[in-house]
Amino acid sequence: NLVKYLSTFVVPWAELHSLQSSPVSKYAQVIFADCHKKGVGVPIDLQRAFNLYKESATSLYPPALNNVGICYEQGEGVARDKDEGIKWYRRAAEQGYANAMDNLANALHDGEDVADHDGDAVHWYRRAADLGYHRSINTLAGMHMDGDGVDDDDEEAVRWLRRGVAYGSASSHYFLSFCYQHGRGVEVDAVESIRLLKAGADLGDEDAQFRYGAHLLYGLSVEDYERGRFFARVYDAGYDTNAELCTWLLQPNESEGLSYLIAAANQRCGTACEYLAQYYFERYQDYISAYRWLRVGRHCRDNGAECMYL
């Protein structure tokens with residue numbers, strides 16, 4: 001957030017440099033490091049960023065310790081060394097820094113000899129989740145749903161997701177919506193599923209934005225929902241095509257649906273880009289808009305539009 005602030009409101013660099021000799025130098029060094037890492041106001045320089053993080057870490061400042069760990073794990077500004085990264089994460093985690101707890105748990109869970117480290121990983125996920133850290137809460141829920149290193153227990157997953165919802169996690173809303181949709185740990189409840197999906201979308205979860213927007217484009221009827229046809233067009237749904245006879249969970253709303261889909265696409269959700277391209281192409285024969293969204297989709301995290309673009 002500080003980096004975003006600095007990129008919006010120009011703070012004189014001389015003033016920031018003066019902070020390095022002040023009692024708050026550890027904070028200034030991390031700010032400088034973030035700027036060098038992300039190219040905010042200065043050219044990207046990963047080695048300079050690493051050196052600043054490490055200098056700040058000499059004061060045992062948890063965010064600096066955590067960022068040194070990230071540099072080692074990712075090989076940013078220093079030779080990649082995951083074991084060294086884990087050591088730095090642990091130093092920050094032991095001071096109660098939730099982000100480092102989550103990074104430490106991820107490194108342990110995703111590393112070699114996973115079975116030997118699962119108990120330690122779960123311990124740190126739970127420590128971070130108890131502090132309200134959204135990502136750890138959702139990871140624990142997913143682990144319980146998949147039986148990954150913990151008991152396969154959908155009800156326990158739902159308990160974690162409800163905690164995430166209480167903490168305002170957008171992704172917890174999305175995953176709990178899935179549970180109500182498919183009856184995982186709860187009774188199937190279409191109305192509650194859609195309510196949670198909209199809440200997750202409004203909080204900014206790109207997957208929720210995609211699914212809710214796709215529902216809105218053509219509307220979502222009870223008949224569609226019960227048949228698992230969540231994105232079905234009314235005229236292609238295999239039942240009475242008179243929209244007035246449908247029992248709607250969501251009335252069709254093109255403008256609102258497009259706004260959610262575009263929000264998801266702007267967060268680099270490739271599936272949303274693909275869906276937008278298809279919609280503009282099939283509904284309006286708007287080849288320019290379709291091509292534009294396919295191009296955006298090529299660079300998305302899930303690359304949903306790659307095959308269409310090629």
>> Are the side chains of Tyr280 and Leu258 in contact, using a 4.5 Å heavy-atom criterion?
In response: yes

> Run the side chain to side chain contact (heavy atoms under 4.5 Å, CB included) check on Asp130 and Arg163 step by step: do they pass?
Replying inline: CA-CA 9 Å; Asp130 286 339; Arg163 289 182 66 177; 3.3 Å; yes

> Would a 4.5 Å heavy-atom cut-off, applied to side chains only, mark Leu250 and Lys198 as touching?
Replying inline: no

> Could you walk me through whether Tyr174 and Arg211 pass the side chain to side chain contact (heavy atoms under 4.5 Å, CB included) check?
Replying inline: CA-CA 10 Å; Tyr174 172 69; Arg211 293 183 66 85; 3.3 Å; yes

>> Test side chain to side chain contact (heavy atoms under 4.5 Å, CB included) on Leu217 and Glu254; report intermediate values, then the result.
In response: CA-CA 5 Å; Leu217 276 188; Glu254 182 185 50; 4.1 Å; yes

> Shortest non-hydrogen contact from Gly168 to Leu203?
Replying inline: O-CD1, 3.8 Å

>> Check this for me: Glu94, atom CD, are more than 12 non-hydrogen atoms of other residues, nucleotides or ligands nearer than 6.0 Å?
In response: yes

> Should Val165 and Phe178 be counted in the same cluster of Ile, Leu, Val, Met, Phe, Trp and Tyr side chains packed under 4.5 Å apart?
Replying inline: no

> Could you give the distance from OG (Ser193) to CD (Gln181), rounded to the nearest 0.5 Å?
Replying inline: 5.0 Å

> Are Tyr275 and Val296 linked, directly or through other ILVMFWY residues, by side chains that come within less than 4.5 angstrom of each other?
Replying inline: yes

>> Restricting to non-hydrogen atoms, name the atom on Ser172 and the atom on Gly164 that form the minimum distance, rounded to 0.1 Å.
In response: OG-CA, 3.3 Å

>> Could you check whether any side-chain heavy atom of Asp45 comes within less than 4.5 Å of a side-chain heavy atom of Phe50, counting everything from C-beta outward?
In response: no

>> Any heavy-atom pair between the side chains of Lys26 and Thr58 that's under 4.5 Å?
In response: no

> Between Arg80 and Glu73, is there a donor-acceptor pair closer than 3.5 Å when you use the side chain of the first and the backbone of the second?
Replying inline: yes

> Would a distance-only check, ignoring hydrogens and angles, find a side-chain to backbone donor-acceptor pair under 3.5 Å from Ser259 to Glu256?
Replying inline: yes

> Does Glu155 CD have over 12 foreign heavy atoms under 6.0 Å away?
Replying inline: no

>> So Leu104 and Arg91, do their side chains get closer than 4.5 Å, heavy atoms only?
In response: no

> Is there a donor-acceptor contact under 3.5 Å from the side chain of Ser56 to the main chain of Tyr53?
Replying inline: no

> Taking it one step at a time, do Met143 and Thr139 satisfy side chain to side chain contact (heavy atoms under 4.5 Å, CB included)?
Replying inline: CA-CA 6 Å; Met143 291 173 72; Thr139 299; 4.0 Å; yes

> Any idea which heavy atoms bring Gln209 and Gly204 closest together, and the distance?
Replying inline: NE2-CA, 3.6 Å

> Side chains of Asp148 and His109: donor-acceptor distance under 3.5 Å anywhere?
Replying inline: yes

>> Measuring from atom OG of Ser59 to atom CD of Gln29, what distance do you get when rounded to the nearest 0.5 angstrom?
In response: 7.0 Å

> Does Phe281 have its ring centroid less than 6.0 Å away from the ring centroid of Tyr287?
Replying inline: yes

>> If I take atom CG from residue Asp202 and atom CG from residue Leu197, how far apart are they, to the nearest 0.5 angstrom?
In response: 9.5 Å

>> Are Phe210 and Tyr218 connected into the same hydrophobic cluster when the rule is that any two of I, L, V, M, F, W, Y join if their side-chain heavy atoms are below 4.5 Å apart?
In response: yes

> At what distance, to the nearest 0.5 angstrom, does CG of Leu220 lie from CD1 of Ile194?
Replying inline: 5.0 Å

>> Is it the case that atom CD in Glu187 sees more than 12 heavy atoms from other parts of the structure closer than 6.0 Å?
In response: no

> Is there a path from Tyr180 to Val191 through hydrophobic residues (I, L, V, M, F, W, Y) whose side chains come within less than 4.5 Å of each other?
Replying inline: yes

> Honestly curious: do Tyr97 and Leu65 fall in one hydrophobic cluster under the side-chain, below-4.5 Å linking rule?
Replying inline: no

>> Minimum heavy-atom separation for Val30 and Asn67, please, with both atom names.
In response: CG1-ND2, 4.2 Å

>> Tell me if a side-chain donor or acceptor on Arg127 pairs with a main-chain N or O of Met101 at a distance below 3.5 Å.
In response: no

>> Rounded to the nearest 0.5 Å, what separates atom CG in Leu46 from atom SG in Cys71?
In response: 7.5 Å

>> Please tell me whether Tyr72 and Asp83 have a donor and an acceptor in their side chains that are separated by less than 3.5 angstrom.
In response: no

> If you take all heavy atoms of Ala64 and Ala57, which pair is closest and at what distance?
Replying inline: CB-N, 3.7 Å

> Do the non-hydrogen side-chain atoms of Asn106 and Trp124 ever get within less than 4.5 Å of each other?
Replying inline: no

>> Using side-chain heavy atoms (C-beta onward) and a distance below 4.5 Å, is Leu161 in contact with Asn138?
In response: yes

>> So that I know where these two stand, are Tyr133 and Tyr167 an aromatic pair - ring centroids less than 6.0 Å apart?
In response: no

> From Ser289 OG over to Leu294 CG, what is the distance, rounded to the nearest 0.5 angstrom?
Replying inline: 11.0 Å

> Can Tyr89 and Asp102 be counted as having a side-chain donor-acceptor contact under 3.5 angstrom?
Replying inline: no

> Are the side chain of Ser221 and the backbone of Trp248 linked by a donor-acceptor contact shorter than 3.5 Å?
Replying inline: no

> Would you say Val68 and Lys87 make side-chain contact, with heavy atoms under 4.5 Å?
Replying inline: no

> So which heavy atom on Gln95 is nearest to which on Pro62, and how close?
Replying inline: OE1-CG, 3.6 Å

>> If we ignore hydrogens and angles and just use 3.5 Å, is the side chain of His144 paired with the main-chain N or O of Asp151 as donor and acceptor?
In response: yes

